[in-house]
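As structure tokens, the structure follows; a few thoughts come after it.
In what follows, every heavy atom counts, from backbone to side chain, and hydrogens, waters and symmetry copies are set aside. Each chain gets a letter, A, B and so on, in the order the sequences are listed, and its residues count up from 1. All of these numbers come straight from a predicted model, not from anything done at the bench.
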2 protein chains.
Amino acid sequence: MKELLHAKGFKMTPQRELIFRTFFDMGRHVSADELSEKVRRKDRSIGHSTVWRTLKLICTVGLAQEVNIGDGITRYDRITRVPHGHLFCLECGEFVEFDAGDMISRLDKVASDSGFVPEGFKVEIQGYCKKCRQQSQESGR
Amino acid sequence: MKELLHAKGFKMTPQRELIFRTFFDMGRHVSADELSEKVRRKDRSIGHSTVWRTLKLICTVGLAQEVNIGDGITRYDRITRVPHGHLFCLECGEFVEFDAGDMISRLDKVASDSGFVPEGFKVEIQGYCKKCRQQSQESGR
DNA sequence: ATTGAAATTGAATATCGCTTTCAATTAGGA
DNA sequence: TCCTAATTGAAAGCGATATTCAATTTCAAT
């Protein structure tokens with residue numbers, strides 16, 4: 001971890017250590033605010049801006065990527081070996097992952113056909129989850 | 001057009017007419033600011049907020065949809081019959097569309113497997129376009 | 001261990017997209 | 001024509017993220 005930072009000219013600090021650990025202990029799709037709150041529960045002296053910046057840093061060194069579903073809140077998702085997409089409920093905001101491994105080769109081809117060297121993929125499905133559909137059915141409509 | 005609005009309880013106005021026309025004359029992936037600027041070149045008296053609101057309206061009546069690539073700017077893309085994805089250059093911001101028709105059935109299945117009723121799909125590939133790769137190669141690195 | 005340049009920090013402030021408010025105006029069915 | 005609900009433009013507001021800056025800290029080179 002420290003080495004990874006040093007390799008790119010960054011330094012390790014106690015703040016970063018705590019933020020890194022907290023981020024990787026949390027689930028997926030963490031927003032900056034959520035992380036900031038959790039980090040500051042452990043150490044009140046860490047500033048919001050440090051958390052924001054560290055989150056960007058985690059992306060810069062390639063350990064996470066931004067996920068944007070269009071609600072104005074950027075979430076951060078650690079990069080796993082397994083390429084995956086997101087299912088997202090437009091009503092309650094529930095997030096479900098799905099394996100997108102079998103799409104990759106197709107997407108790779110699409111990219112190279114257009115002269116692009118792909119860096120990342122995003123496959124997202126918006127819709128309505130089971131629970132929300134049942135609820136809206138019960139309540140009259 | 002007018003009928004489409006009336007059917008959903010909206011009214012047609014001169015402002016909306018101009019904004020609609022301008023939007024559909026522009027290319028794809030128009031941001032609110034771009035549209036606003038173009039509209040206001042034709043009629044300086046139209047307010048920004050009217051443009052924003054009309055853009056939302058166009059989405060509400062189902063003629064366009066928001067596209068979000070994570071740079072904090074929402075773009076609006078008219079809805080075509082052909083489902084498509086986006087290739088996006090991380091360097092210069094170039095946008096290229098590709099046909100995603102053959103992914104739909106797979107995505108539909110993914111959704112229903114999780115109990116979701118899909119409403120929309122987003123397939124995006126980030127990467128580096130040919131031009132930017134050549135340029136960064138020429139300039140030393 | 002000490003040093004010193006460069007990176008990092010936290011607080012405050014700024015910015016940037018976008019939304020809302022509000023009083024005045026306008027569209028369009030009755 | 002009239003009436004009401006929808007719409008307008010300007011301005012203010014909002015929330016997420018970025019930036020500024022002086023003080024502090026890291027760590028490679030001594």
Side-chain angles (χ1 to χ4, degrees), chain A residues 1-20 22-23 29-61 64-77 93, chain B residues 1-20 22-23 29-61 64-77 93:
Chain A
M1 191 74 257
K2 195 169 180 174
E3 288 67 34
L4 179 59
L5 291 188
H6 286 182
K8 307 211 175 188
F10 301 111
K11 293 175 178 175
M12 180 49 92
T13 67
Q15 292 92 330
R16 286 182 174 170
E17 216 165 306
L18 178 58
I19 296 169
F20 279 36
T22 307
F23 175 71
H29 318 120
V30 178
S31 74
D33 252 356
E34 286 165 2
L35 179 60
S36 186
E37 206 180 315
K38 206 146 209 164
V39 165
R40 287 159 57 81
R41 255 206 290 278
K42 297 182 190 165
D43 183 345
R44 188 46 50 87
S45 75
I46 294 180
H48 288 292
S49 35
T50 301
V51 178
W52 294 103
R53 282 185 288 224
T54 303
L55 220 24
K56 288 275 171 194
L57 181 67
I58 293 175
C59 293
T60 301
V61 300
Q65 75 179 138
E66 303 192 344
V67 180
N68 221 292
I69 56 167
D71 64 350
I73 295 174
T74 303
R75 270 159 262 258
Y76 296 81
D77 192 15
Chain B
M1 191 74 257
K2 197 170 178 175
E3 288 66 35
L4 180 59
L5 290 189
H6 286 181
K8 305 210 178 190
F10 300 112
K11 294 176 178 174
M12 180 50 92
T13 67
Q15 293 93 330
R16 285 182 176 172
E17 217 166 306
L18 178 59
I19 296 169
F20 278 35
T22 308
F23 176 70
H29 317 120
V30 178
S31 74
D33 253 355
E34 286 164 1
L35 179 60
S36 188
E37 206 179 314
K38 208 147 208 164
V39 165
R40 286 158 57 82
R41 257 206 288 280
K42 297 181 189 167
D43 183 345
R44 186 50 48 87
S45 75
I46 294 181
H48 288 292
S49 36
T50 301
V51 179
W52 293 104
R53 282 186 287 223
T54 304
L55 220 24
K56 288 275 171 192
L57 181 67
I58 293 175
C59 293
T60 301
V61 300
Q65 74 179 141
E66 304 191 342
V67 181
N68 223 293
I69 57 168
D71 64 351
I73 295 174
T74 303
R75 270 160 262 257
Y76 295 81
D77 192 16

Between A:Gly9 and B:Met12, who's closer to the 5' end of DNA chain C by nearest nucleotide?
A:Gly9
Let me know the distance between [atom1] of [X] and [atom2] of [N], rounded to the nearest Å.
X       : N      : atom1 : atom2 : answer
A:Phe10 : C:dT9  : CZ    : C1'   : 15 Å
B:Asp71 : C:dT15 : CG    : C1'   : 16 Å
B:Leu18 : D:dT7  : CG    : P     : 17 Å
A:Lys2  : D:dC27 : NZ    : C1'   : 8 Å
A:Gln15 : C:dA11 : CD    : P     : 11 Å
A:His6  : C:dA6  : NE2   : P     : 16 Å
B:Glu17 : C:dT26 : CD    : P     : 16 Å
A:Leu5  : D:dA28 : CG    : C1'   : 16 Å

If the cut-off is 4.0 Å, is A:Arg16 near the phosphate of C:dT9, judged by side-chain N/O to OP1 or OP2?
yes
By a strict heavy-atom criterion of less than 4.0 Å, which residues belonging to residues 34-47 of chain A are in contact with DNA chain C?
A:Ser45, A:Ile46, A:Gly47
Pair assignment for D:dT30, Watson-Crick or G-U wobble, requiring both distances under 3.5 Å
C:dA1
Could B:Glu37 and B:Arg41 be called an ion pair, given the rule that one side-chain N must be under 4.0 Å from one carboxylate O?
yes
Encode nucleotides 14-25 of chain D as B, S and - characters from 5' to 3', where the letter depends on protein heavy atoms closer than 4.0 Å: B to the base, S only to sugar-phosphate, - to neither.
--SBSBB-----
Set of salt bridge (Lys or Arg N to Asp or Glu O under 4.0 Å) partners for [X], sequence neighbours left out:
X       : result
A:Lys56 : A:Glu66
B:Arg44 : none
B:Lys11 : none
B:Asp71 : B:Arg75

Check every strand shown and say whether A:His48 touches a base, only sugar-phosphate, or nothing at a heavy-atom separation below 4.0 Å.
nothing
Hey, does B:Lys8 reach any base, or is it just sugar-phosphate, or nothing, if we go heavy atoms under 4.0 Å?
nothing
Does one side chain, of A:Thr60 or A:Lys8, offer a donor that lies under 3.5 Å from an acceptor on the other?
no
Mind checking whether [X] and [Y] have side chains closer than 4.5 Å, heavy atoms only?
X       : Y       : value
B:Arg40 : B:His48 : yes
A:Leu18 : A:Phe23 : no
B:Phe10 : B:Leu57 : yes

